[in-house]
Amino acid sequence: MHSHKMTKIALKDPTWVRYGLIAISLGTIFLFLCLPLLTIFFEAFAKGWGNYFDELTDFNARAAMRLTLVVALISVPLTVVFGIASAWAIARFEFRGKSILITLIDLPFSVSPVTAGLIFVLLFGAHGWFGEWLQAHDVKIIFAVPGIVLATLFITCPFVARELIPLMQEMGNEEEEAALSLGASSWTMFWRVTLPNIKWGLLYGVVLCNARAMGEFGAVSVVSGHIRGVTNTLPLHVENTYNEYNAVGAFAAASLLALLAVVTLVLKTFLEWQQQRDRTAISQP
Amino acid sequence: MSIILNNISKHFGNFSALKDINLEIPEGELVALLGPSGCGKTTLLRIIAGLERPDTGQVLLKGEDKTYQDIRERGVGFVFQHYALFRHMSVFENIAFGLRVKPRNKRPSEAEIQKKVHALLELVQLDWLQNRYPDQLSGGQRQRIALARALAVEPEVLLLDEPFGALDASVRKDLRQWLRHLHENLNVTSIFVTHDQEEAMEVASRVVVFNHGVIEQQGSPSEIYDNPANEFVSRFIGDTNIIPLEHHNADWLALSGLSIATNANTANEVHVRPHDLEITKSNNDNAATATLKDWQHLGALIRIELAKKGVNGTPDIIYAEMPNEQFKRLQLGKGDKVELRIRHAHWFDAA
């Protein structure tokens, strides 16, 4: 106890240092986070509520929202399946190439999104590897919805897996073995034992993945072709309208993305709290 | 249900966990698989359960070959070392799990489940905990709930992995007795793994001693204690004085009543249990074989530390044990010279 106090005193900086540091962090957050966020809403409502809602119910805006939702609805479940499958494989089995798999799962985090988009153009574009074959069979991937989904999947696939791998490794598989020894089928075991144990981590991954799927710009921009009302997602719609000097339209769409971010943040905090609670429960004797 | 294991071997990479194990466990026995950690005993338990497949060999349950059968079709109850209770389910739901996941045509009704779970809760004397969650229970309570959960599906064999390993010493003592009585009442063939020889001797009706993936000896606790098959078993079960048969020991062993000549074949070590060493006060200090150094109270017994001349004059310490009363009657003090008499000894050829 005594030495603890000593270190505390030793580490105690002068008052001006402490308040200086607090001021710098608060100032930065206000300048780079709060101010832009406020600007979005300020600009969006610059010409009144009516204009704001007109811009949001505009045909192209609605098409962009619909596409964004469709892309998220397809890519989030696929990411969940991929995440559970790979986390299961990594946490439960020993196999050759396991460390390579763990490294590769992180690849989308380290590749620039534009490069990711470009990969798909080079593969499926008109002059790409499979371009001729796709044209001959009348399959459109690039400058169409499938390309946008593929690019989003590439970007979001690590989110759930990254959450679940450490969680499942830490949990071990005794509870699952216990379920099997009591006569449960693998399917029952998964639904009634594994899933309830990983649910908070899984939801956390889903929330982050969803935010990214809806907000992704770079990769989607390359493969989308910016066809208004057809292949524009919400972030692309923001860019389009802004380039057309329609500030209200751009900021109205951006306000939706900002709201998504706020909701994500709240959910993320809640889920972190839940996970923390579960973990302290486990560690109790 | 009887269990027969034929030529079971198991490797993990280059490590050979089990080497050609043959073991027969008659119905209704309570068997301890005993050995130091890493000796393969838990692997064998998991192979019997079907949680692990042997590389070679057969597992026969009730005479049927079940080597490749899935754990859920074997009719075994498994109690895990760390209990593995479902942490998101109440105690009641934990015990009911095995009944609820039965195929629909075999699943009992809700009323039957209620009745069964309560009967099991009463059996483990924890009826009042039914609505608690595992993290609200003590270690001993978790252990008993894990046992009740395993018993819910009426297994024909009960397998327990280090059942008392994670418990306090006092709780462990109570649970040992309790498990033995439970076994007497249920009469389910039961196997438990332990590294604690005292626990194995106290609870089991048969003990199988393992080391380095092979069975060193099996038999009733008294057989194993009184007639250890080899040097390892003798060292591992109970306390023993290990005396190498070297020249400097020959004289005092002979004086203490052990004649080496008669056992000179291949033995190079003699093991003497502390309670097989008799002490008397020496009448002739110069001829005495040992000096009393110190003693410790072990409850009803006294452990006596004796020093006898070793190589180069450095004293060798050996231990003797005797009841408190007897020690008092001897009226010995620190530094007294004593005569030794060896009542019983085991001879081994140590590698």
(Q) At a heavy-atom distance under 4.5 Å, which candidate from B:Arg74, B:His88, B:Arg100, B:His82 has the highest pair count against chain A? (A) B:His88
**Q.** B:Lys116 bridged to B:Glu154 by N-O distance under 4.0 Å
**A.** yes
Q | A:Phe159/A:Phe109 aromatic ring centres below 6.0 Å | A | yes
Q) Between B:Ala152 and chain A, which part of the residue has a heavy atom less than 4.5 Å away: side chain, backbone, both or neither? A) neither
Q: Check each atom of B:Leu99 against the heavy atoms of chain A and say whether the ones under 4.5 Å are side chain, backbone, both or neither.
A: neither
(Q) Heavy-atom cut-off 4.5 Å, strictly under: side chain, backbone, both or neither for A:Ser186 against chain B? (A) both
Q: Mind checking salt bridge (Lys or Arg N to Asp or Glu O under 4.0 Å) for A:Glu272 and listing every partner two or more places apart, or none if nothing turns up?
A: A:Lys268
Q: Heavy-atom distances under 4.5 Å only: say whether A:Ser181 touches chain B with side chain, backbone, both or neither.
A: both
Q) Relative to B:Phe86, does B:Arg149 satisfy both conditions: NZ or CZ under 6.0 angstrom from the six-membered ring centre, and within 45 degrees of the ring's axis? A) yes
Q) Hey, are B:Asp196 and B:Arg176 close enough for a salt bridge, meaning a charged N less than 4.0 Å from a carboxylate O? A) yes
Q | Region of B:Val76 in contact with chain A, defined by heavy-atom distances below 4.5 Å | A | backbone
